[in-house]
Amino acid sequence: MSGLDDRAFGQLGAAFFQRPAEQVARDLIGVTLLVDGVGGTIVETEAYDSEDPASHSFRGPTPRNAVMFGPAGHVYVYRIYGLHWCLNFTVGLGAAVLIRALRPETGLEAMRARRRGVADRLLCAGPGRLCEALAVEGAMNGHSLMAPPFELRQGEARPAVVASRRIGLSVGVDTLWRFSLSGSPYLSKPVPAER
DNA sequence: AGCTTGATTGCCT
DNA sequence: GGCAATCAAGCTA
C-alpha cells in the first residue's frame with residue numbers, strides 16, 4: 001500500500017525515503033540491510049515524526065536530533081539508557097524510522113562474535129541488539145544510507161506486514177506505527193494477539 | 001548546576 | 001514478572 005513501488009530497483013534510492021515515516025517504515029519490512037557486509041532482512045520497524053509526542057523531534061531541533069531535521073536517507077544513531085545504540089533512517093522533516101529487528105543472514109560469524117553466547121534468533125532481535133551485532137555506533141550518526149558501509153537492497157516479493165503499538169513508550173502509545181514481518185521468529189517481541 | 005528520564009537489555013526470583 | 005546497569009540529553013532554575 002505504498003504510494004511508490006521501488007521493488008523494481010535493486011538498491012533503494014533517495015526517493016524511497018522522502019515519504020511519510022509510517023509508509024517508509026512499512027515498506028522497509030523485507031528490505032535487506034548490510035553494514036560492512038553484515039546484516040539481513042529487516043523484520044521490525046517503528047515510525048516517528050515531529051507531530052508525535054513520542055518522537056525525539058516533537059519539541060523541535062536539538063543537538064542530538066539535528067539529523068532528523070536534515071535530508072532523508074541518512075542514519076540517526078543515538079545512545080539509549082547510557083548503554084545501547086539505536087539505529088534510525090531519516091525520512092526528512094523531523095521524521096525517522098527506528099530499525100528494531102532483522103533476520104540475521106549475512107556475516108553470521110561476525111554477529112556471533114560481537115554478541116557472544118547469544119542464540120542466533122536473538123542476534124538482532126531489538127534495536128540495541130541489532131546495533132551491537134552490526135557494529136553500529138554513534139560515530140555513524142548523520143552518515144548517508146546510499147554510501148558504504150551501508151547497503152540496502154529491495155526484497156523480491158511484498159511481504160505480509162502487521163501494524164501494532166510501538167514498544168517502550170510512555171506517550172503516543174495508541175499509534176499503530178510498529179511494523180513487523182508477519183510470523184517472524186526474529187522480532188524483538190511477539191506482536192500482541194488481536195482481541 | 002542539579003534533576004529526571006529514557007524509542008533497552010540481561011539477569012534475578 | 002521485577003529490577004539494576006549507566007549516562008547524557010533536555011529541562012528547570
Side-chain angles (χ1 to χ4, degrees), chain A residues 17 20-29 31 33 35 42-70 72 74-104 111-143 145 161-181 184-193:
Chain A
F17 300 100
E22 71 272 27
Q23 280 186 33
V24 178
R26 177 180 285 272
D27 290 349
L28 278 169
I29 303 301
V31 168
L33 165 66
V35 180
I42 296 171
V43 298
E44 182 181 341
T45 61
E46 285 177 1
Y48 293 87
D49 72 21
S50 59
E51 311 275 285
D52 170 10
S55 174
H56 290 173
S57 58
F58 183 60
R59 289 173 178 82
T62 68
R64 178 178 64 165
N65 68 22
V67 175
M68 291 182 79
F69 290 91
H74 290 242
V75 297
Y76 168 45
V77 181
Y78 67 91
R79 210 196 258 290
I80 183 70
Y81 291 100
L83 294 167
H84 314 288
W85 297 107
C86 288
L87 171 66
N88 299 255
F89 297 169
T90 67
V91 299
L93 305 174
V97 176
L98 173 67
I99 311 302
R100 289 193 55 91
L102 58 78
R103 176 162 66 120
M111 290 189 267
R112 289 173 182 141
R114 290 163 180 164
R115 286 184 47 68
R116 200 168 262 293
V118 172
D120 283 2
R121 196 189 73 71
L122 299 175
L123 284 175
C124 303
R129 293 163 169 172
L130 181 154
C131 284
E132 185 171 40
L134 273 54
V136 170
E137 56 180 21
M140 295 177 180
N141 189 44
H143 197 286
L145 279 168
V161 177
V162 293
S164 59
R165 290 156 130 85
R166 294 173 297 180
I167 294 176
L169 306 183
S170 57
V171 292
V173 296
D174 291 333
T175 306
L176 302 180
W177 278 3
R178 176 192 182 207
F179 300 96
S180 309
L181 177 62
S184 172
Y186 298 98
L187 304 179
S188 65
K189 293 178 144 167
V191 175

Fill in: Base-pair map of DNA chain C as dot-bracket, where | denotes pairing with a different strand and pairs are Watson-Crick or G-U under 3.5 Å
|||||.||||||.

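- The side chain of A:Thr62 places an N or O atom within less than 4.0 Å of a non-bridging phosphate oxygen (OP1 or OP2) of C:dG10.
- For A:Tyr48, whose side chain is taken as the heavy atoms from C-beta onward, the closest listed nucleotide among C:dG10, B:dT8, B:dA7 is B:dA7.
- Annotation: B:dT5 and C:dC3 have their C1' atoms spaced 16 Å apart (nearest Å).
- Here A:His56 reaches the OP1 or OP2 of B:dA7: one of its side-chain N or O atoms lies under 4.0 Å away.
- At the phosphate of B:dG10, OP1 or OP2 sits under 4.0 Å from a side-chain N or O atom of A:Arg129.
- Across all strands shown, A:Ser170 has heavy atoms under 4.0 Å from sugar-phosphate atoms exclusively, and none from any base.
- Contact annotation: A:Arg100 side-chain N/O to B:dT8 OP1/OP2 distance is under 4.0 Å.
- As judged by a 4.0 angstrom heavy-atom cut-off over every strand, A:Leu169 is placed among residues touching the sugar-phosphate backbone only.
- With hydrogens and angles ignored, no donor-acceptor pair under 3.5 angstrom links the side chain of A:Tyr78 to the base of C:dA9.
- Proximity of A:Leu33 to A:Leu134: side-chain heavy atoms (C-beta onward) are separated by under 4.5 Å at one or more points.
- Note on A:Arg115: only backbone sugar-phosphate atoms sit closer than 4.0 angstrom, heavy atoms only; bases stay farther off.
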